[in-house]
Amino acid sequence: MENTDTSTSTVRRNSKRPRYSKFTQQELPACKPILTPRWVISAFMLISIVFIPIGVAALFASRDVVEIVDRYDSECIPANETDKVKYIQTPGEKSCNRTLTVPKRMKPPIFVYYQLDNFYQNHRRYVKSRNDQQLRDSKEANSVSGCKPEDFNNGSVIVPCGLIAWSLFNDTYSLSRNNITLNVSKKDISWKSDREHKFGKDVYPKNFQSGGLIGGGILDPNIPLSEQEDLIVWMRTAALPNFRKLYGKMEVELQENDVIDVTLGNNYNTYSFNGKKKLVLSTTSWLGGKNDFLGIAYLTVGGLCFFLAMAFTVVYLVKPRQLGDPSYLSWNRNPGWR
Amino acid sequence: MKRYAYINDDGSSQELYRDNRISNTKYTLLNFLPKNLWEQFSRFMNQYFLLIACLQLWPLITPVNPASTWGPLIFIFAVSATKEAWDDYNRYVSDKKANEREVWVVKNGIKKLIQAQNIRVGNIVWLRENDEVPCDLVLMGTSDAQGLCYVETSALDGETDLKTRVVPPACMGIDAELLQKIKGVIECPSPDRDIRRFDGNLRLFPPFIDTDVCPLTIKNTLLQTCYLRNTEWACGVAIYTGNETKLGMSRGVPEPKLTAVDAMIDKLTGAIFIFQIVVVIVLGVAGNIWKDTEARKQWYVKYPDEGPWYELLVIPLRFELLCSIMIPISIKVSLDLVKSLYAKFIDWDEKMIDQETITPAHATNTAISEDLGQVEYILTDKTGTLTENKMIFRRCCISGVFYGNESGDALKDPELLSAIETGSPDVIRFLTIMAIGNAVIPVQSKIGAIQYKALSPDEDALVQAAAKLQMIFVDRTANILEIRFNGRTIHYEVLETLEFTSDRKKMSVVIKDNNTGKIFLLTKGADEAILPCADAGQQTRIFTEAVEQYSQLGLRTLCFAWRELMADEYHEWSLVFKEANSTLVDREWRIAEACQRIEHDFEVLGVSAIEDHLQDGVPETIETLRKAGINFWMLTGDKQNTAVQIALSCNFISPEPKGQLLMIDGKTEDEVCRSLERVLLTMRITTSKPKDVAFVIDGWALEIALKHYKKAFTDLAILSRTAICCRVTPSQKAQLVEILKSCDYRTLAIGDGGNDVRMIQQADIGVGISGREGLQAARAADYSICKFRFLTRLILVHGRYSYNRTAFLSQYSFYKSLLICFIQIFFSFVSGMSGTSLFNSVSLMAYNVFYTSIPVLVSVLDKDLSEETVMQHPQILFYCQAGRLLNPSTFAGWFGRSLFHAVVVFTISLNAHAYEKSEMEELSMVALSGCVWLQAFVVTMETNSFTILQHLAIWGNLVAFYALNFAFSALPSSGMYTIMFRLCGQPSYWFTIFLIVLAGMGPIFALKYFRYTYRPSKINVLQQAERMGGPILSLGTIESQPRTVEREVSTLSIAQSKSRSPVYEPLLSDSPNTRRSLGAGGTFEFFQSQMRLSSVYSRNCKDN
């Protein structure tokens, strides 16, 4: 536009006159939608038409997932023990047997989770108590900033440092069906990116859990951190106080009414803060684990939109209102200023 | 305090005063950082952010990386510091240029070329034609034999005509060579800022004529930044230098104006701050309790048994930091940015360019555009603002004979022409005063045409008219005037000029006819200044009537009078006058006194009537802005009748019987008090009637009212929608603005002349008309426009849009900050009240700086209604005036919305990503994406018109969000490595986002639709009407019907060429609206008929 009439534009430049453009004149072509009843009602209708099927599909996906949840924290305390905390804190073998019944056929892969309730991995003191440099690089073994109070033990550096690693979950499960051990694979239960980039292949645990107070699990000092998958999983802190973490995977199919015997090593202390411990066996769907929330929410929103569409239609038919009716404009009549 | 400038003294006396280095810079290289920081930190918001940033340096309590606050903070500081530095650097560069300019100066008796900054007080500076004057000088010599020179003072006062400056008598005729060696002393006051006044004395030392003290006035000075014109050379003694010149002293940084919107934003910020403190205290206490009851049991947290002394403070402080984002750090920057764009839009507006002179409008103050949309009172000057200030001589009355009454143009009146032909002495004297009773300079161009350089447009009109009536003013050489009448050349010598002052209201010249040697006093001035001084024997009734008649037509009148002086009388008086002229103390008063001694016993010759054209579109503009609910006050220095007539002709007030004029007059306190109370009573009674009531007050009564009855007058000011204040001084104008401001009204003052400057600076918004009276007003104003009619566009289009946009932008800024903050607060409930941040530092910073600021910035292009619709329905401005779009209740709506959205985002992302998916980084990204998506849709929903730029910003921003996060996710060292890739691969992520958007927007959308359709605001109705494409039925057509009836009975329609129906709006809808019932049986009729009105006027005139 500017090049077509150079003569006038030079004239303009000489004077104080600003150059004309649609932008400077605030005259850019604009689309000005208005909310007509038809438009709004069809929009809500469309939403409900899209949402209800998605909700149904999500609900089906969630219902397809078979899940066995077994809370074992109180059952695994011998009946004669009154002080649960003292029991769990005394060293020694604390095994416990549980039986699970498969309610429905479960197709592999079957995921074995442990679930902790009322455990605040997201606590301000806890969530920051780690040092990513130290985990990644063997040369950075001395960087323990942020790891307090689990940074030094008798003057020497702890690897991995910090409260998160120190409180590693250490219950063990071994599953068997009809006295045949079910193989629970602990391989590839952590994120690949974590194994490859966040936890070093040449970083070995050092001074870990060797202090006075032992928190949770112990790590084999001869295995590099990148292969300590339980630790890697544990150190992906959960955002909620109730969370599940992957314990292992099973590649067997479980039939309905199969009975699974679980031998538990009950070592982890959740008793002092009334936390719950659960063992979870679950299949998965395209949406993830068993979670009805998305399905129900979609159905609710879809239903609401449908209801709104209907309501607006009824109101529109019963009490039609002309848009832009100038009689609402009377400036001098009793002003319905809002 | 006095200062003594020793001419050509190169000794120690020079050191007394500073050199001529001009410095307009605010900072130096050394003090820039501390001074600038100090200035920035004197603002509360900045102090707050600094405190937060400092707290964040304490790792124990900071939830996020300190960079998330320090980054934006440093950025914001750097931006404004850079802006300041750049401005200051530019000032430095221009100062340097001025300082290093080379000028000829006499040093040690030799003329040398030196840099302007080295001029000292007492140096003689030589200037050539078209040179700029480097400092304030007292003229010593010029190339002109008569000691005259011409200067252009437009840089100083904006007046473009040339002014004469004259060498003081003591130095008259001294040879140029001798001038280099001249010695003497100039006694002058300490530097001041008055560019119209200079009272000094000059005494030359021997061997020069060491006679009397020679008085100096402003006429003998050359002030800094003036230009020497039409004069070969001139030289002068430096008296004020550097920043101590008259110009330098009047320079000053005006107080920054704060808009109503800014004040509201500050108030809301304060409210949010209090809310934040409450939240912090509640959460802090809860956190401490939770810590002591629960967290001690959580062995893995390992709380030490004994904490340090400040342990109780740690959790509250953490929450303080977590909640600090409630107050958006970006709001100041965003607002500054959009405000400067509003100003640019005004500068760019093609529709506000004056086609004659091609001058665009200009926004000098870029920060107050929103206020334009909230104007409630407009105080306007009359001459030059409502009128064109282009004077044309129309009629006259000479010795009781009216000329020009039939044709409306005296220049074509055959009677007058024949009277000139026959040489009627009164007519000739009248014409002589028209031609030479002034300070006009004729400039004869090479082809022989004479151009007049006049100070006042009235004088210009008179001289031009006289020239057309054969009395041609040809030349002014020093004191000799040459006029040509009917081919005859007559020479007069000007003996004295008694200049016009606003107190005396007249000006006179004493001239000597060179042929006869007779001395005359020729005077012209306001009727009330001349007629009382008339010779006792003369009947002045006819002139009073003429003045009356002319001013009813809206013409400006001047009375002409003369008297022959006896030589003795003159000489005696001239000594008094000289003495008065050379006093240093109270010179003005002494001169006035001296003038009074000669200006008496006039023979009144006649009255001239000059027409001042209304500017184009003034009545329409006033009507439109009235409809928009804006009240008008006219403040003028003109006389009552003229003001009232102009007011009538431009729709300012309505004629009888619809309009009603109430007079406030009186000379004494009692009279003013009584009349004020009467008017107040009438006002109170008539507010419910369909009448346009206006009050008229003159300067004298105003003075008394303001002094003694300020409260009553303030009450009156609140009640009245229209007022005319005549004969007011500049300071009274400013006082009136102050009164309206004290009643919490937003005022806009518009004017064009130097006498409006104070009012313009005092008002919330000052608008200057860059017109004929120079640029002084335009310079002092916040906005300058060329024509009064552009005011409509400035207010209704630019002001309204700016207000709407800022209202949205500021509330949105709070909304988005609150949203993310609420999520953080909710998260603290599931994280053991420990103050964990759900979002990482990078996200928090980017959220405020990028993700949410860009889409909202394009809202500066949003237009809720088209310009045409607004112009047709100016009433819609009410929404801006009353602050309907930004107030605590709309803010509460946004607050609620952010709370609702936070609940939606938090519950949905928490539940959808529960159990095995509840990984911290992932959940935080889900919540963040939810927020960013909601932002996009909120902006979309609040936008009324989408241009391509808006789409680009809103959707482009969303794309950019993902691009940026993919980039972060690709960095192995970043905390969120691979997170975004993982999320985007999961269908559940997309379903969650989809759900968040619809659950968040659905109800808001439904609510908006419902309101829009079933409870529409006027804006909505107009939007619908506009976009349905149907004809917008203007209410004007409906409502004007009863008014047409009224119009027929209107009695007063002299100047009412275009009869219109001004519509008043209840300003703050406080009056019950019975306006439509047209109150037929009005019992109370305090109406002065036009007859009575005029008799009152004439009585006033006589009283004066």
Side-chain angles (χ1 to χ4, degrees), chain A residues 15-18 20 24-26 28-32 34-35 37 40 47 58 113 120 122-127 149 163 167 193 197 215 236-241 243-244 246 269 272-273 286-289 291 293-294 297-298 301 305 308 321 323-324 326 328-332 334-335 337-338, chain B residues 297-302 345 347-348 350 353 358-360 830-832 834-836 861 875 911-912 914-920 923 944-947 972 977-978 987-988 991 995 998-999 1002 1006 1009 1012-1018 1021 1023-1025 1027-1028 1030 1033 1035 1039 1065 1069 1073 1075-1076:
Chain A
S15 66
K16 286 180 280 177
R17 195 191 187 102
Y20 179 86
T24 59
Q25 300 308 305
Q26 308 189 58
L28 286 174
C31 138
K32 301 174 174 180
I34 56 164
L35 303 174
V40 172
I47 293 168
Y113 298 102
Y120 287 87
N122 55 14
H123 194 278
R124 173 73 175 51
R125 266 178 81 84
Y126 187 83
V127 78
L163 287 172
S167 61
S193 60
H197 294 284
R236 276 269 153 210
T237 47
L240 298 177
F243 59 89
R244 285 174 188 175
L246 197 55
N269 177 13
S272 57
F273 53 88
W286 57 276
L287 263 181
N291 188 349
F293 175 79
L294 270 185
Y298 264 79
V301 171
C305 286
L308 278 173
R321 192 103 172 194
L323 284 186
Y328 301 123
L329 259 188
S330 149
W331 306 100
N332 275 347
N334 181 29
W337 298 115
R338 290 184 315 104
Chain B
K297 296 183 203 154
Q298 315 267 4
W299 55 269
Y300 51 88
V301 179
K302 249 190 168 177
F345 279 138
D347 290 357
W348 284 332
E350 285 250 310
I353 297 177
I358 316 206
T359 323
V830 298
S831 65
S834 56
T836 316
L861 295 170
Q875 292 92 332
N911 282 304
Y915 301 125
E916 76 278 4
K917 285 185 198 150
S918 82
E919 202 276 324
M920 191 92 171
L923 190 72
N944 295 294
S945 65
F946 294 91
T947 65
Y977 179 54
T978 69
S988 63
F991 281 117
L995 185 66
L998 277 158
Y1009 164 74
Y1012 190 80
T1013 316
Y1014 298 99
R1015 303 269 182 281
S1017 71
K1018 312 278 181 213
V1021 174
Q1023 274 173 342
Q1024 291 158 0
R1027 282 153 215 187
M1028 300 296 275
L1033 196 54
L1035 260 290
E1039 301 219 335
E1065 285 313 312
S1069 58
N1073 245 311
R1075 216 161 271 270
R1076 288 170 72 80

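Lettering of chains follows the sequences in order, A, B, ..., and the numbering in each one begins at 1. Everything numeric here is computed off the predicted structure, so don't read it as measured data.
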Does the [X] side chain pair with the main chain of [Y], one donor and one acceptor, at a distance under 3.5 Å?
X        : Y        : answer
B/Glu916 : A/Gly289 : yes
A/Arg125 : B/Val301 : yes
A/Asn122 : A/Thr237 : no
A/Gln26  : B/Leu861 : no

[X] portion near chain B, given a 4.5 angstrom heavy-atom threshold:
X        : answer
A/Pro29  : backbone
A/Leu287 : both
A/Cys31  : both
A/Tyr120 : both
A/Phe273 : both
A/Leu308 : side chain
A/Tyr298 : both
A/His123 : both

Who among A/Ser272, A/Ser167, A/Gly288 has the most heavy-atom pairs with chain B under 4.5 Å?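 Top count of heavy-atom pairs under 4.5 Å with chain B: A/Ser272.
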
Heavy atoms only, distances under 4.5 angstrom: which of A/Pro37, A/Pro241, A/Ala297, A/Pro149 has the most pairs with chain B? Name it, please.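 Top option by heavy-atom pairs under 4.5 Å: A/Pro37.
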
How close do B/Thr836 and B/Ser834 get, counting heavy atoms only, and between which atoms?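 Where B/Thr836 meets B/Ser834 most closely, the heavy atoms are OG1-OG, 3.1 Å.
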
With a 4.5 Å limit on heavy-atom distance, are the side chains of A/Ile34 and B/Tyr1012 in contact?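 Of all side-chain heavy-atom pairs linking B/Tyr1012 with A/Ile34, at least one is under 4.5 Å.
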
Identify which part of B/Thr978 has an atom lying under 4.5 Å from any heavy atom of chain A, answering side chain, backbone, both or neither.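 Looking at B/Thr978, just its side chain touches chain A.
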
Can you say whether B/Leu995 sits under 4.5 Å from chain A via the side chain, the backbone, both, or neither, judging by heavy atoms?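 Interface part for B/Leu995: both.
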
Can you sort out the partners of B/Gln1023 under side-chain hydrogen bond (donor to acceptor under 3.5 Å, both in side chains), two or more places apart, ordered by chain and number?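 B/Gln1023 satisfies side-chain hydrogen bond (donor to acceptor under 3.5 Å, both in side chains) with B/Asn944, B/Asn1020 only.
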
Can you list everything that forms a side-chain hydrogen bond (donor to acceptor under 3.5 Å, both in side chains) with B/Lys302? Sequence neighbours excluded, please.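 Per chain and number, B/Lys302 pairs via side-chain hydrogen bond (donor to acceptor under 3.5 Å, both in side chains) with A/Glu150.
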
Can you list the steps and then say if B/Thr1013 with A/Leu35 is a side-chain contact (heavy atoms from CB on, under 4.5 Å)? CA-CA 8 Å; B/Thr1013 316; A/Leu35 303 174; 5.6 Å; no

Out of B/Pro972, B/Ala912, B/Gly1002, return the one with the most heavy atom pairs under 4.5 angstrom to chain A.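 Looking at each of B/Pro972, B/Ala912, B/Gly1002 in turn, B/Ala912 comes out on top.
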
